[in-house]
Amino acid sequence: MRLTIGWLYPTRMNIYGDRGNVIAMQRRAEWRGLETDVRHIELGDPVPEEIDLFFFGGGQDQEQIAVARDLAGRKGDALKAAVESGAALLSVCGGYQLLGREYRPHDAEPLPGIGLFDVETVAGSERFIGNVIVDTQWGELVGFENHSGLTFLKGDARPMGTVRVGRGNNGVDESEGVLYRNAIGCYLHGSLLPKNPVLTDWLIGAALERRGFQLPLLELDDQFEREAKISAMDRAVKTR
Ligand code: GLN
């Protein structure tokens with residue numbers, strides 16, 4: 001059994017340790033005896049049909065302009081179709097913003113999102129920087145945020161969780177991220193997945209289930225991951 005990971009714009013959308021998410025996806029699949037294949041999807045590249053699990057990292061406004069242009073039209077439609085058919089996806093910050101309806105930066109024309117998530121983002125006057133703890137369906141998740149974008153859920157969009165420490169989507173409604181089918185948008189850099197193995201396994205499980213793989217995944221010894229999470233949570237509480 002193979003897990004094929006599609007890494008969206010790794011040279012342009014990959015900040016604050018985001019690459020660690022792809023490493024965590026790969027290792028936790030390989031530790032269960034699965035083969036993995038990581039496909040880079042850059043500007044001008046199509047979205048391969050065989051992708052099981054996508055990762056879309058963060059990036060500065062300038063990079064987002066080029067990426068938004070690249071995603072407009074067929075590429076964005078292909079990404080939406082993959083998620084609608086059950087593919088798993090994790091997007092962080094700048095990637096998350098471009099999967100919504102629109103992102104309005106400070107010093108640029110509004111950027112169209114692909115509309116996968118029913119959210120809208122506008123650049124705020126304050127930059128949210130710091131550790132974040134979010135209460136979610138997977139329990140508490142810990143990460144690091146660094147964004148000026150304020151994201152607001154629209155329609156019946158469902159938040160990924162509720163902020164316990166930090167600012168989250170917009171610093172106002174205590175929501176963090178968005179969850180739609182097997183796709184997640186969030187502001188949690190860090191990188192997120194190495195410290196939150198339950199989320200990594202949920203993404204891998206969802207991706208494999210779409211291919212008919214019988215769950216649950218083999219249990220792993222997560223001692224190091226637990227220690228990393230406890231340390232990050234302690235830091236988050238102390239620096240709130
Ligand atoms: N440029 C966006 C913002 O500042 C995203 C930044 C990021 O990906 N960390 O909100």
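Ligands are counted one by one from 1 in listed order, and the atoms in each one are counted from 1 as well.
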* To do: Please could you name the atoms of ligand 1 that H147 approaches to less than 4.0 Å, counting only its heavy atoms?
  => 4 (O), 10 (O)
* From G59, G58, G124 - option closest to atom 6 (C) of ligand 1 by heavy atom -> G59
* To do: Among all protein heavy atoms, pick the one closest to atom 7 (C) of ligand 1 and tell me residue, atom and distance.
  => C93 SG, 2.8 Å
* Structure fact -> Note: I15, heavy atoms under 4.0 Å from ligand 1, region reported as side chain
* Which ligand 1 atoms are under 4.0 Å away from a heavy-atom of G94? -> 5 (C), 7 (C), 8 (O)
* Structure fact -> In short, E84 meets R181 closest at the heavy-atom pair O-NH2, 2.6 Å
* **Residue selection (non-hydrogen contact nearest atom 4 (O) of ligand 1) among Q60, R127, M13** => R127
* **Main-chain N/O of S231 paired to K195 side chain as donor or acceptor, under 3.5 Å** => no
* **Closest contact, heavy atoms only, K80 versus I114** => NZ-O, 2.9 Å
* **E145 with R167: basic N within carboxylate O range, under 4.0 Å** => no
* Taking only heavy atoms of N146, which atoms of ligand 1 are found under 4.0 Å from at least one of them? -> 6 (C), 7 (C), 9 (N)
* **Any donor-acceptor N/O pair, N196 side chain to V142 backbone, under 3.5 Å** => yes
* To do: State whether the shortest distance between N or O atoms of Q64 and N or O atoms of ligand 1 falls below 3.5 angstrom.
  => yes
* Asked: Are any of the N or O atoms of H189 closer than 3.5 Å to those of ligand 1?
  -> yes
* Asked: Would you find a donor on one side and an acceptor on the other, under 3.5 Å apart, between the side chain of N14 and the backbone of R19?
  -> yes
* To do: Just do the side-chain contact (heavy atoms from CB on, under 4.5 Å) check on M1 and R32 with the steps written out, would you?
  => CA-CA 10 Å; M1 190 79 187; R32 284 144 168 149; over 6 Å; no
* **Closest protein heavy atom (residue, atom, distance) for atom 10 (O) of ligand 1** => G149 N, 2.9 Å
* Asked: Just by modelled atom types, is the T11 backbone N or O under 3.5 Å from a matching donor or acceptor in the E42 side chain?
  -> yes
* **ligand 1 versus F128: contacting region, heavy-atom distance under 4.0 Å** => neither
* Asked: Considering only protein heavy atoms, which is closest to atom 1 (N) of ligand 1, and at what distance to one decimal place?
  -> D61 OD1, 2.5 Å
* Asked: So is Y103 in contact with ligand 1, going by heavy-atom distances below 4.0 Å?
  -> yes
* Who's the nearest protein heavy-atom neighbour of atom 3 (C) of ligand 1, and how far? -> S148 N, 3.6 Å
* **Ion pair R39/E50, N-O distance below 4.0 Å** => yes
* Asked: With only distance considered, is V92 within less than 3.5 Å of ligand 1 through an N or O on each side?
  -> no
* Can a non-hydrogen atom of Y96 be found less than 4.0 Å from any atom of ligand 1? -> no
* Asked: Between Y96 and Y187, how do the two ring planes meet: parallel, tilted or perpendicular, split at 30° and 60°?
  -> perpendicular
